[in-house]
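When a ligand or atom number is given, it counts from 1 through the structure's own listing order.
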Amino acid sequence: MKVLKFGGTSVGSPQRMKEVSKLITNGERNIVVLSAMSGTTNSLVEIADYFKKRNFETAHSLINKLRIKYEAHVKDLYSTEAAAQKTTELLDEVFVLLRSFANADFTPSVEKAILAQGEIMSTNMVTNYLEECGVKVRLVSALDYLRIDEDGEPYLSQITAYWEDFLAQNEDIEVFITQGFICRNDNNEIDNLQRGGSDYSACLIGAALKLDEIQIWTDIDGMHNNDPRVVDGTKPVRQLHFEEAAELAYFGAKILHPTCILPARFTGVPVRLLNTMEPEAPGTIINNEMRQGAIKAVAAKDNITAIKIVSSRMLLAKGYLRGIFETFERHNTSIDMVTTSEVGVSLSIDNDTHLHAIVEDLKESGTVIVDKDMCIICVVGDLRSQNVGFESRIASAMCDIPIRMISYGGSEHNISFLIHQDHKKAALQALSRELFSE
Ligand code: ADP
Ligand code: ASP
Ligand code: MG
């Protein structure tokens with residue numbers, strides 16, 4: 001059994017939903033995770049924002065626009081009155097619910113309930129379409145089995161227990177459809193796995209049930225060797241080790257949610273990236289195999305803040321770094337990159353919510369310098385120290401780029417550079433030229 005996840009573009013129109021339906025009725029018994037139709041979650045974010053600002057007129061007009069779009073989708077998707085009627089009733093419930101939030105106090109849980117409606121609509125639409133086509137299908141609500149704790153960590157054992165029981169009780173069902181992205185939290189409120197989190201939902205299910213494969217179907221033929229939105233002529237990478245894929249996802253390769261590879265890696269379930277628009281293309285397989293001596297890909301992560309703390313007190317001092325790290329821990333902020341010298345330490349963070357408080361505390365330890373709008377460029381591959389020559393090729397590609405930090409040696413798979421965002425495009429292009437041109 002496999003889990004197949006289809007992203008927003010893959011279910012972005014009635015025509016695409018029909019094509020996805022063909023792909024998932026392949027004679028195997030599969031679990032299918034769906035995102036919201038492309039653009040819907042962004043619209044819901046906008047609607048939530050107008051509710052928050054108590055501008056109900058604009059919120060209602062955006063809800064209306066969305067309703068008109070979905071009514072047209074229903075007309076295009078179904079050929080029977082019964083399926084169209086069933087879907088219209090569900091969509092009516094969703095739009096009544098959305099409008100009702102005007103009467104509620106705006107809280108983070110209201111916002112999350114609004115954002116959840118995209119996946120609720122898309123999964124109902126595809127389930128009803130498959131039913132209309134005579135497929136033995138069952139819609140399974142992610143709100144019944146996916147729960148996160150107060151740190152956003154999912155309870156994997158609850159997924160296993162729920163699904164094992166559910167699959168055993170529904171042996172005649174061929175296709176199980178469920179929502180990506182959405183879940184509940186410890187207070188039983190609707191919550192989510194962060195934007196792009198449907199990949200994570202699929203990987204959690206695949207890992208919890210130790211399935212044969214996790215398939216992430218999207219709009220491109222696998223992981224490319226550089227960001228195709230920035231660099232021309234990028235090529236698909238056919239195979240990646242879990243560690244390499246995890247680094248690329250964490251450091252900005254948008255094709256995968258930052259943490260989605262972790263559960264697959266722990267359980268060894270391979271992840272395959274495939275293209276809905278070109279289902280025959282081989283895509284990318286992510287598994288435990290390390291291809292020796294190859295640089296695989298480059299990725300970039302934006303909106304990074306660099307913090308440097310300089311103090312002669314650091315010289316030969318014990319516990320100095322611990323004090324610095326504890327400051328970040330106290331303010332619930334995780335650190336991405338670290339470099340040290342005898343008299344200073346530089347760190348990078350991607351969440352600057354608590355930056356002011358962190359800087360105020362760090363001033364007790366030394367002079368603090370903050371640089372915003374930075375970007376991490378991450379090169380991934382077999383970068384073990386005995387593979388001489390790779391680091392110098394990477395460094396020489398970066399010869400015209402002003403570099404703020406370099407990190408190498410933390411893992412055997414990656415070398416990272418911190419640069420200003422203004423130089424990102426030039427850096428990614430130079431790396432592609434040096435590392436991947438034939
Ligand atoms: P989905 O809606 O299916 O989840 P996403 O938009 O989240 O799809 O991810 C697919 C997109 O990721 C591609 O269209 C591509 O523009 C972008 N992308 C960024 N970096 C890479 C990369 N290294 N390889 C492939 N795609 C990438
Ligand atoms: N619909 C959600 C989003 O747009 C989750 C996902 O697509 O993965 O972020
Ligand atoms: Mg995505």
Side-chain angles (χ1 to χ4, degrees), residues 4-13 16 20 23 32-46 48 111-112 114-123 142 146 178-183 190-204 214-238 240 244-261 271-278 281 283-284 286 295-302 377-381 424-425 428 431-432 435-436:
L4 283 65
K5 175 261 168 173
F6 293 87
T9 328
S10 302
V11 291
S13 67
R16 297 241 58 87
V20 163
L23 289 171
V32 176
V33 174
L34 300 181
S35 292
M37 296 179 83
S38 53
T40 298
T41 311
N42 285 347
S43 300
L44 293 169
V45 168
E46 219 186 335
E111 182 176 21
K112 284 166 180 166
I114 294 173
L115 263 55
Q117 301 309 312
E119 271 72 9
I120 291 176
M121 292 194 285
S122 66
T123 48
L146 187 48
T178 190
Q179 300 86 13
F181 178 58
I182 68 173
C183 58
I190 296 181
D191 212 312
N192 63 56
L193 302 176
Q194 313 287 337
R195 294 303 304 273
S198 298
D199 302 334
Y200 195 22
S201 307
C203 288
L204 288 169
I214 297 159
Q215 295 189 347
I216 308 288
W217 289 81
T218 180
D219 57 0
I220 188 162
D221 51 346
M223 177 75 78
H224 277 218
N225 56 13
N226 207 328
D227 192 329
R229 297 166 300 176
V230 182
V231 177
D232 291 334
T234 58
K235 299 250 164 51
V237 183
R238 294 296 171 217
L240 287 165
E244 295 171 328
E247 305 259 19
L248 287 168
Y250 186 72
F251 287 110
K254 192 198 170 218
I255 186 170
L256 284 174
H257 176 273
T259 56
C260 78
I261 291 298
V271 180
R272 198 181 290 277
L273 311 181
L274 290 157
N275 186 357
T276 327
M277 323 294 159
E278 215 185 306
T284 301
I286 301 164
I295 296 182
K296 300 281 186 62
V298 181
K301 184 171 174 179
D302 295 321
I377 304 281
C378 167
V379 182
V380 162
K424 168 176 138 176
K425 189 170 180 179
L428 291 180
L431 284 164
S432 256
L435 302 174
F436 309 125

Please tabulate, one line per pair, the protein N or O atoms found under 3.5 Å from any N or O atom of ligand 2, giving the distance to one decimal.
from: ligand 2; atom 1: 1 (N); to: Thr41; atom 2: OG1; distance (Å): 2.8
from: ligand 2; atom 1: 1 (N); to: Glu119; atom 2: OE2; distance (Å): 2.6
from: ligand 2; atom 1: 4 (O); to: Thr41; atom 2: OG1; distance (Å): 3.4
from: ligand 2; atom 1: 4 (O); to: Arg195; atom 2: NH2; distance (Å): 3.0
from: ligand 2; atom 1: 7 (O); to: Ser35; atom 2: OG; distance (Å): 3.2
from: ligand 2; atom 1: 8 (O); to: Gly196; atom 2: O; distance (Å): 3.4
from: ligand 2; atom 1: 8 (O); to: Gly197; atom 2: N; distance (Å): 3.4
from: ligand 2; atom 1: 8 (O); to: Ser198; atom 2: N; distance (Å): 3.0
from: ligand 2; atom 1: 8 (O); to: Ser198; atom 2: OG; distance (Å): 3.0
from: ligand 2; atom 1: 9 (O); to: Arg195; atom 2: NE; distance (Å): 2.7
from: ligand 2; atom 1: 9 (O); to: Gly196; atom 2: N; distance (Å): 2.8

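Every residue was checked against the side chain to side chain donor-acceptor pair (under 3.5 Å) condition with Ser38, not counting sequence neighbours, and none meets it. Annotation: side chain to side chain contact (heavy atoms under 4.5 Å, CB included) contacts of Pro236 (sequence neighbours excluded): Asp221, His224, Arg238. Residues passing the side chain to side chain contact (heavy atoms under 4.5 Å, CB included) test with Asn42 are Arg195, sequence neighbours excluded.
Judged by distance alone, with hydrogens and angles left aside, the side-chain atoms of Thr234 form no donor-acceptor pair with the main-chain N or O of Asp227 at under 3.5 Å.
Remark: ligand 1 and Ser10 share no N or O pair separated by less than 3.5 Å (distance only, no angle test).
Using a 4.0 Å cutoff on heavy atoms, Ala297 does not count as a contact of ligand 1. For the ligand labelled ligand 1, residue Pro228 lies inside the 4.0 Å heavy-atom shell.
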Would you check, one step at a time, whether the test side chain to side chain contact (heavy atoms under 4.5 Å, CB included) holds for Met121 with Met37? CA-CA 9 Å; Met121 292 194 285; Met37 296 179 83; over 6 Å; no
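By the 4.5 Å heavy-atom criterion applied to side chains, Thr218 and Leu273 are not counted as neighbours. Trp217 is not listed as a side-chain neighbour of Val20, based on a closest heavy-atom distance of 4.5 Å or more. Between Ser201 and Leu193 there is a side-chain heavy-atom pair separated by less than 4.5 Å.
Near Gly8, meaning under 4.0 Å from any of its heavy atoms, are these atoms of ligand 1: 2 (O). Ligand 1 places these atoms under 4.0 Å from at least one heavy atom of Ile220: 13 (C), 25 (C), 26 (N).
From Ile182, atom CD1 reaches atom OG1 of Thr123 across 7.0 Å, with rounding to the nearest 0.5 Å. For the atom pair CE (Met277) and OG (Ser10), the distance works out to 5.0 Å, reported to the nearest 0.5 Å.
Arg16 and Thr9 get closest at one heavy-atom pair: CD-O, 3.2 Å.
Checking Ala253, Gly222, Gly7 against atom 25 (C) of ligand 1, the nearest heavy atom belongs to Gly222. Looking at Asp219, Asn226, Asp199 and measuring to atom 10 (C) of ligand 1, the nearest heavy atom belongs to Asp219. In this structure, of Arg229, Lys254, His224, His257, the residue bringing a heavy atom nearest to atom 22 (C) of ligand 1 is His224.
With respect to atom 12 (O) of ligand 1, the closest heavy atom belonging to the protein is Ile255 N, 3.5 Å. Among all non-hydrogen protein atoms, the one lying nearest atom 4 (O) of ligand 1 is Lys5 NZ, 3.1 Å. Looking only at heavy atoms of the protein, atom 8 (O) of ligand 1 is closest to Thr218 OG1, 3.1 Å.
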